[in-house]
Each structure stands twice: as C-alpha cells, then as structure tokens.
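Take a look at the structure set out below.
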Amino acid sequence: MKIKSLVQSLMIFVFLLVTAAAVAQTNIIQGKVTDDKNQPVAGATIEIKGSQTATLSKDDGSFILNVPANAKTLQVSFVGYATQDVAITGDDLSISLKPSQQALEEVVVIGYGTARKKDLTGAMVTINEKNFNKGIMTNPDQLIQGKTPGVMVINNTGQPGGTVTVRIRGNSSIRASNNPLFVLDGIPMSGNSPLPAGRGDFSSDRGNPLTYLNPGDIASMDILKDASATAIYGSRGANGVVLITTKKGKAGQPIISAGASVGTSRIREYPQILDAARFREAVKFYTPNDAATADFGSNVDAFEAITRSAITQNYYADVAGGTEHGKYRLSGGYMNQNGIIIGSQLKKYTANFTGNFRFLENRRLGLDFALFVTQLNNKYAPISAMVGSQGNVISQALQWNPTRPLRDEKGNPTFVSTTTRNPLASIDAFKDQAVTNTIVANIAPYYKITDELEYKFMYSAMRQTGSRRGMYRAGLINPSSANNEEAFISNNAETNQQMTHTLSYNKQINPDLSINAVAGYEYLDYDFDNNSSYGRGFNYLGLDYWNYLQYTTVSTREIASYRSPTNQLQSEFLRGAFNYLDRYLLTATVRRDGSTKFGKNYKYAVFPSLAFAWNVAEEGFLKGNSNINQLKFRVGWGKTGNQEFLSGASLNRFVFGTGVYNQTNIKNDNLKWETSTTLNVGIDFAVLHNRISGSIDYFNKTTTDALFEQTLAPPGPAGRIWVNLEGEIINKGVEIALTGNIIRKNGWNWDLSANATFLKNSVSGLLGYYETAALRGQGFSGVTGQRMVNDQPLNVWYLAKFEGIDPETGMSMYRGLDGSVSTKNDPATNKFYLNSPNPKTLLGVSTNLSYKKFSFAANINGALGHYLFNNTAATTLGVSNLSARNIGSAFFNTAVKESTSNSAAPSDRYLEKGNYMKMANMTFSYKVGDIGSTLRNFNISLTGQNLFVITKYTGFDPEVNTDGSSGGIASLGIEYLPYPPARTILLGINFSL
C-alpha cells in the first residue's frame with residue numbers, strides 16, 4: 001500500500017510540473033534540408049539545440065518551426081549524415097547535410113588500447129548503453145542477452161543475483177572453464193564468486209561473480225570473439241573476452257543525473273500439476289482403495305503459498321563534470337529486490353568514483369583512477385539442486401496433496417511425515433543469509449613521451465570477502481529432531497593484484513600509411529582462502545544458532561580452512577596494426593604467458609594471431625558510392641589458451657584431516673596449456689546511407705590438449721592427476737547480424753535489428769569417454785546422463801530409449817541394444833546417444849520505435865535445435881507419487897493406465913525439445929523533456945521483463961541450466977527443481993539537474 005501511494009504521488013507531481021511549464025514567446029522560421037547532391041532530405045530532424053522542440057522535414061525537404069525569440073542554434077540530423085549545428089540567422093534557412101562517417105570513425109575499446117571501428121580486423125561487437133536490455137538487471141551479462149550473434153546468455157535461476165551461463169561461440173573445454181574472460185576498465189577479473197557455498201539442503205546457488213557491478217555505471221561492452229581479437233589476452237582468451245567500459249566524467253559544468261524505479265514480480269509459470277478435483281479423479285483411477293484416505297476435503301495451491309508478489313526498488317544517481325584537464329564522476333546506487341519465493345532477497349549498495357587528470361604545462365602527464373565499492377546482502381530460500389529423494393521447497397510444493405490444508409487448526413504448518421515435507425515448514429526451518437563486499441581500485445599514470453609515443457602503468461587491486469551463515473531448525477520438519485538442529489558459518493576472501501606496463505605508438509607515417517602498436521608486460525596474482533565452522537545439537541532458545549556454535553555437541557563439530565596454491569601469471573605481449581590507404585589493414589599479435597598452474601616443463605607458452613582486412617568501399621571503383629557506405633572483408637587466424645582450472649593442479653597436493661593428511665593430487669611436470677586455434681572469415685557492410693548494415697562471420701575453432709583430471713589406476717599410486725587429453729574439440733558456425741532503419745519520416749523512427757548464430761560442435765580423437773550430468777531425485781542416485789565421446793557433440797545425451805507404457809502391465813518399455821522393445825530391457829544397460837543439449841541456432845531480435853516524444857523498445861531472444869532433460873518431471877511428478885502426493889498433469893493418462901509401481905529411469909521419456917523464443921523485455925517511455933529551469937531530460941518509462949515465452953517445453957523455463965557437473969565436467973541442459981522465473985513490471989523515471 002505504501003508503494004502504491006508513493007507511485008500515485010509521484011505521477012501527480014510529474015503532471016503538475018509538466019502543466020506548470022511556461023510558454024515562451026516564439027518566432028516562426030522555415031527552411032529546406034538537402035543532401036550533398038542538392039537533393040531534398042525527407043524526415044530530417046530539426047530541433048532547437050538544448051531543448052526538446054523539434055520538427056521533421058517534409059518530402060521536398062522543407063520545414064517550419066516555432067522557436068523562442070532568444071534561440072540561436074538549430075541542430076539538424078538524419079540517419080547516414082553528420083549531425084550539423086546551424087545558426088539561426090534569419091527566417092529562411094538552407095541547410096546542406098554531408099554523409100556521416102561517424103560510425104566508422106567511432107573509437108572502440110580493444111585489448112590494451114583503442115582503435116577506430118573502420119580499422120578493426122577481428123570479430124568483435126560493441127554494445128552501448130542505449131542498446132542494453134532494460135529491466136531489473138543485477139549482472140552486466142544480462143545487459144547483452146540476445147544482442148549479438150555468437151553469444152549465449154542463460155539465466156540459470158530466478159534467484160536474485162543468481163548464476164548466469166555465458167558462452168561465446170559454444171563450449172570448447174571438457175574440464176576447464178568455458179566462461180569468457182571479463183575485463184573491467186583494463187582489469188582482468190578472476191571469475192570467482194566471493195559467496196561461500198552452502199551445505200546440505202541450503203541453497204546451492206553460488207551467485208554471479210559480476211553482481212558487484214552496477215549496470216548503471218556501464219557505458220559499453222565490447223565482445224571479442226575470434227582469436228585474432230582475443231590473442232592479446234593469451235592464456236585466458238580461448239573462451240572469448242568481454243571488455244566492460246564504465247562511464248567517465250565529461251568536461252563542462254557539473255551535472256547531476258538521477259533515476260528511480262519500482263516494480264513488482266510474480267511467478268510467470270510452473271509445471272502443470274493436478275488441482276484438487278483432478279487429484280481426486282487421479283486417485284480414484286490409479287489407487288481407488290485410497291480414495292477416501294487421500295482426500296482431506298480442501299482445495300489448496302501449495303506453489304501459490306510459497307510465492308509472493310515481490311517488490312523491487314532501485315535508485316541511482318551520479319554527478320559528473322570537470323574541465324579538459326581534469327574530469328570526475330561520482331555515482332551511487334541502491335537496489336532492494338525481493339525474490340518471488342518467500343524468504344529470498346537481494347540488497348545491493350554500490351558506489352563508484354573515477355577521475356581523469358592531466359598535468360604539466362604541456363599536459364603530457366596524466367593520471368586515471370577508479371574506485372568501485374559494493375556490498376551485497378543476500379537471503380536465500382532452501383532451493384538446492386543437490387538434493388535427492390527429500391527434494392527441496394520446490395518439489396515439496398509441487399507434490400503437496402492439493403486436498404490437504406497447509407496449516408492446521410492452530411495455524412502451524414501441517415505435519416505429514418518425515419518423508420513428506422510441508423513447503424511452508426521448510427521455508428521456516430531454513431535461515432540462510434550472506435554478506436559479500438567488493439572493493440576494486442586502480443590507478444594508471446601515463447606520460448606522452450612524444451606525440452606518437454606514450455607510456456602507461458596500471459596498478460589494480462581487488463578485494464572480495466563473503467560471509468555466509470545458515471541455520472536449520474530440523475524440529476520444524478520433524479518434531480523428533482528438535483534437539484538435533486544445526487548451523488554453519490563460512491567465510492571466503494580473495495585478493496587479486498595486477499601490474500601492467502604498456503608502451504603505445506600511434507603514427508601517421510605518411511599520407512598513405514599509419515601504424516598503431518602496443519607492447520607490454522603484465523603481472524597478475526590471485527589469492528583465495530576459506531574457513532568454515534559447523535555444529536549440530538542445538539535446541540531452539542530464540543537465538544540464531546551461528547552465534548553460539550560452542551553450544552553444540554563436540555563430536556558433531558567440524559572446522560575447515562583452505563588456502564589456494566600460488567596462482568600467478570606473468571606475460572609479455574606485442575601488437576602491431578597497419579593501415580595502408582584506408583583499404584588494406586593488417587594486425588599481428590603475440591603474447592607469451594607464464595603460469596604457476598602448469599608443469600615445470602611447460603610453464604610458458606606463446607599465443608600468436610594474424611588478421612587482414614580489405615576495405616573494398618575505399619577502392620576507387622566504390623569510393624563515393626552513395627549506396628554502398630561500407631564493404632569490408634576480414635580474415636583472421638590465431639591461437640589462444642585456457643588456464644581456468646585449479647591452481648596447484650600440476651603439483652603434489654595433500655588434504656588435511658584430523659591430525660593426518662593424505663595425498664590427493666599427483667604432480668605432472670608435463671602438464672601444459674589447453675590451446676584453441678581459430679580461423680575466422682567475415683564481411684561487414686552498410687548500404688543506402690547506412691540505413692542497412694550488418695556482418696556475416698564464419699568461424700572454425702579447434703581445441704587441443706584438453707585439461708582433464710584422471711584417477712590413477714593400480715598399480716600406480718592412489719590419487720588423481722591432471723593431464724592433457726588426446727583428441728580435439730571442434731566448434732564451427734556462421735554468425736549473421738543485420739540492422740535496418742526502416743522508417744524515418746513524419747515524426748516516426750523505426751529501427752530493427754536481428755542476429756542469428758548457427759553452431760555445430762563435435763569431439764574426436766579421445767581415448768574412451770567421460771561421463772557427466774548428474775541426474776537427481778528418487779531412484780536416480782549416482783546416475784549420469786551425458787558423455788564426452790568421439791564423433792558426438794559435447795555433452796551428448798546418453799539415455800535409455802523409452803517406447804511407451806505396456807498396456808497389460810502398466811510398466812515402461814525400453815528399446816534394447818538388439819532392437820527389441822520390452823519391459824524386460826534394463827534402462828541402465830540399454831542406452832543410446834540421443835540428441836544434444838547444445839543449441840544449433842541462437843536468435844535475437846531488437847526493435848526501437850519512436851514518434852516524437854514517445855518511444856517503444858523490445859528485445860526477443862531464443863534458441864533452437866537442442867534438447868533439455870526435465871529432471872523435475874522425471875523424479876518429482878510421476879504417478880508413483882500417488883496417493884500420498886500430487887503428480888504432473890501430463891502423467892494423468894486414462895488411455896493407458898500406468899502402474900504406480902513403475903519407477904522412473906533416465907530415458908528420453910523426459911528429454912524434451914528446448915526450442916523457445918522469449919520476450920525478454922519491452923519498454924514504453926515518454927520524454928517529458930525539460931521542466932522549468934531545474935529538471936532536464938525528464939523521462940518516464942514502463943518496462944515489462946520476461947513477459948512470455950513461446951515453447952513446447954513443459955518445465956519451468958527452457959532457459960535453464962541446473963548444475964549437474966560430475967567429476968568437475970560441466971553439464972548443460974538439465975532442469976531440476978530450480979528457483980522459478982518471474983515476470984516483472986517496472987515503472988521508472990530519470991532526469992538530470
């Protein structure tokens with residue numbers, strides 16, 4: 001009610017301000033807009049500079065505009081032409097526009113430097129703030145979902161601040177990480193989350209390592225996709241690189257910008273289960289003898305009971321200004337996002353201060369610095385993916401008998417049994433909260449030795465701490481356990497340091513040739529440690545158990561501490577870019593990395609790349625062509641590495657117990673880099689005055705020397721050893737991006753962008769196979785569903801083939817390896833390779849439509865050609881639940897009576913097509929403009945997020961990736977009792993002072 005009143009008051013306030021705006025005396029001016037060939041330009045925008053008063057030119061280029069008597073300058077713009085300032089020197093103006101090269105002259109961020117967009121030779125995409133996804137964005141990677149080809153972003157969970165899977169051009173590693181490298185203003189991130197892991201049935205989500213960043217501080221994100229672009233990052237560039245550039249101060253008077261939003265979220269959908277009436281029918285059909293005892297006379301929706309309408313508030317402000325010699329920016333933000341599952345929440349406090357200064361009379365000495373400070377306060381619902389037959393609060397709600405009241409006559413959660421848990425009791429029984437703090441600081445002095453030569457030194461430090469505390473009141477679940485309740489405290493700390501020296505050279509050698517080069521040395525050090533305490537044997541005294549762990553029974557106490565082995569990286573790198581006649585571009589890169597992670601015989605490796613581009617549009621036969629504004633062919637080759645695995649893997653390692661230690665890892669002096677070699681061929685184009693532009697890329701990426709942890713077989717020493725596998729992983733595909741300015745006329749402006757990625761991966765040359773994808777739940781203990789095996793895609797599904805229900809016995813029939821179909825075929829031994837969890841096609845569509853002060857934006861993303869395993873349906877919703885528990889609607893089939901003793905098995909019965917298209921976000925906004933002389937650029941917006949999804953998948957959401965890793969090998973495409981997705985409606989305002 002308070003939020004509703006606040007919103008109503010805000011709307012009334014805005015209305016009064018708008019209606020109170022004064023109407024100044026105006027003059028009428030007219031004119032005509034033409035192009036460089038003296039042809040009329042229809043649809044050009046003519047506005048009074050610094051205001052919202054504007055009009056559009058007609059078909060003959062003419063316009064009429066009312067302007068204040070004191071107006072001095074008009075600003076005229078049209079797509080494909082340079083924006084032009086025109087002095088108001090009379091009542092009749094003639095304005096001639098010139099073709100714009102702004103898009104090509106735009107400077108973009110590349111590794112350890114910048115370059116003109118027209119000089120790029122590698123496969124990279126820049127996404128600016130205006131094109132980011134809108135809505136509740138807790139992590140930077142959510143801003144670019146569906147925005148560019150080759151990049152897959154999956155929100156693994158609906159948990160506020162939860163994990164996200166990001167893949168650039170598919171998976172390429174079996175055991176090492178497949179995540180791209182994120183670089184924040186030149187600082188390579190470690191990729192670790194400071195949030196300690198939970199234990200037992202506590203939430204298993206580790207959170208997103210990038211949640212500490214405020215999306216409101218981000219100006220752009222540059223995605224480097226091929227090896228010619230990422231080789232400058234050497235051993236960490238195999239999975240692509242995402243360069244995050246934050247906002248900086250601008251010269252001018254101090255400007256305060258502020259924004260606020262409030263929204264509400266509700267569960268969008270969840271698997272179809274039986275309501276009370278259908279449940280009674282199902283019991284009578286499957287277990288008629290239980291019809292009386294299974295009916296408790298009520299009609300409840302347990303899933304509705306554990307969810308809520310969750311309110312989110314977000315506030316943001318910054319102040320920026322300065323002179324050409326000293327610029328600054330200070331920002332702060334606060335977010336309070338309540339999760340849709342009762343008990344879950346994220347509070348986020350952020351602050352950022354940046355400065356850019358120049359010294360000395362010649363201004364050759366400069367200093368850049370930045371400071372990021374963040375605190376995250378999390379509360380978690382008991383949603384673990386690691387649970388077995390007991391399930392978590394999601395399965396407990398799905399399985400709850402809809403005829404049984406959730407609360408007894410005293411208002412307490414109804415107790416059923418130790419095996420059938422009340423989801424409301426589970427929410428009350430678990431208390432799980434965490435605080436994580438992040439400080440990132442960097443300082444970068446530089447000196448321009450000459451106009452062409454500059455030296456820069458950067459030092460950065462990142463300190464992250466995470467403290468997690470959990471308590472479990474077992475007596476609320478099982479009264480007999482009231483004196484055996486538990487608690488834990490876990491603390492993580494990470495300190496990362498970076499020192500980078502670069503020498504940059506940028507010179508126009510002669511009118512035909514220019515050189516851009518950078519040489520550098522870099523040192524990185526990552527340090528991580530953890531400690532935890534646990535105890536059991538509490539009884540409830542009204543206090544949080546973690547505050548008096550000493551009260552526990554001595555025999556139940558556990559303490560543990562850990563410090564990661566030395567993790568350091570030392571590198572030298574060199575890049576040279578040559579531009580001849582603006583037509584022929586050559587970029588060569590080499591980086592030499594030395595890492596403490598590898599064996600003493602292979603600590604160093606060299607990663608080279610070479611790329612060439614031909615600007616065909618600059619050739620004489622096309623230059624000046626008004627229809628072809630850009631045409632560039634690119635080809636690039638390079639090698640990159642992957643060292644994202646445990647430090648100390650090449651060494652003898654030991655694990656400590658009580659008074660003892662045992663060796664768990666055997667050293668390998670020959671452990672070397674996992675290497676990816678990529679060939680990329682591409683074309684960039686823009687036609688019709690840049691109204692249509694796009695790119696097409698073909699890539700072929702081969703990964704060799706895959707890192708893997710093996711168990712040593714007798715008679716060798718017991719333990720595990722890291723090795724490089726024989727064989728190779730191949731990812732290849734085609735990426736297409738297209739943007740069109742469809743309408744720009746009579747006040748209307750409509751842009752439409754679409755991208756598609758066609759992917760294929762396979763494995764060859766492996767000795768044997770490797771299994772992963774742990775499937776969980778009743779009867780699935782120790783079961784895996786995927787393999788890494790030759791001549792199949794990565795993570796290929798390896799399951800039994802379900803052939804229906806035997807109408808005589810009600811039992812499942814499976815296909816045998818000999819081709820037979822029978823209930824006697826054991827699904828554990830009769831397995832087949834069945835489809836892939838890797839999407840064959842990724843899609844993204846974005847559109848922006850505006851009319852005068854009104855605008856509309858929408859973003860759609862999707863994936864096709866992959867299969868998901870609905871582990872939720874397999875072990876949670878089957879007819880074997882009856883009559884004590886509820887079942888999924890899809891399993892109630894009167895045509896064939898399935899036996900309630902028919903146990904689930906890992907088969908393609910639960911393998912579903914994952915094809916989907918999702919309306920990720922949609923925004924309507926109105927530019928109120930300046931209000932009086934104080935509020936400027938006032939804007940109101942209404943955003944819908946995660947509005948709907950088009951799919952035949954029957955689970956929670958086809959955009960899912962529950963962690964099913966086994967033996968350190970990542971899985972893909974499993975859904976098991978996840979935190980459900982939410983639909984959000986968000987009202988926002990922003991303005992400047």
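For the single chain, residues carry numbers from 1 onward in sequence order.
Separation of the Phe598 and Phe645 ring centroids falls under the 6.0 Å cut-off.
Residues passing the salt bridge (charged side-chain N to carboxylate O under 4.0 Å, His left out) test with Lys225, sequence neighbours excluded: Glu735. For Asp963, the side-chain hydrogen bond (donor to acceptor under 3.5 Å, both in side chains) criterion is met by Ser965, not counting sequence neighbours. Phe656 pairs by the ring pair (Phe, Tyr, Trp, His ring centres under 6.0 Å) definition with Tyr661, not counting sequence neighbours.
Judged by distance alone, the side chain of Asn668 and the main-chain N or O of Trp722 form a donor-acceptor pair under 3.5 Å. Looking at Thr500, its side chain never comes within 3.5 Å of a backbone N or O of Met458 through a donor-acceptor pair. A donor-acceptor pair is defined here as one N or O able to donate and one able to accept, closer than 3.5 Å; no such pair exists between the side chain of Lys603 and the backbone of Lys597. Between the Thr230 side chain and the Gly237 main chain, a donor and an acceptor come within less than 3.5 Å of each other. Of the possible polar contacts, one joining the Arg206 side chain to the Leu195 backbone as a donor-acceptor pair under 3.5 Å is found.
Counted by atom type alone, Asn179 and Arg167 present one or more donor-acceptor pairs between their side chains at under 3.5 Å. Counted by atom type alone, Tyr526 and Gln497 present zero donor-acceptor pairs between their side chains at under 3.5 Å. In this model, a donor atom of one side chain and an acceptor atom of the other lie less than 3.5 Å apart for Tyr604 and Gln570. In this model, no donor atom of one side chain and acceptor atom of the other lie less than 3.5 Å apart for Asn171 and Asn731.
The CG atom of Asn378 sits 5.0 Å away from atom CG of Leu346, with the distance rounded to the nearest 0.5 Å.
A salt bridge does not link Glu728 to Lys701: none of the charged side-chain nitrogens sits closer than 4.0 Å to a carboxylate oxygen.
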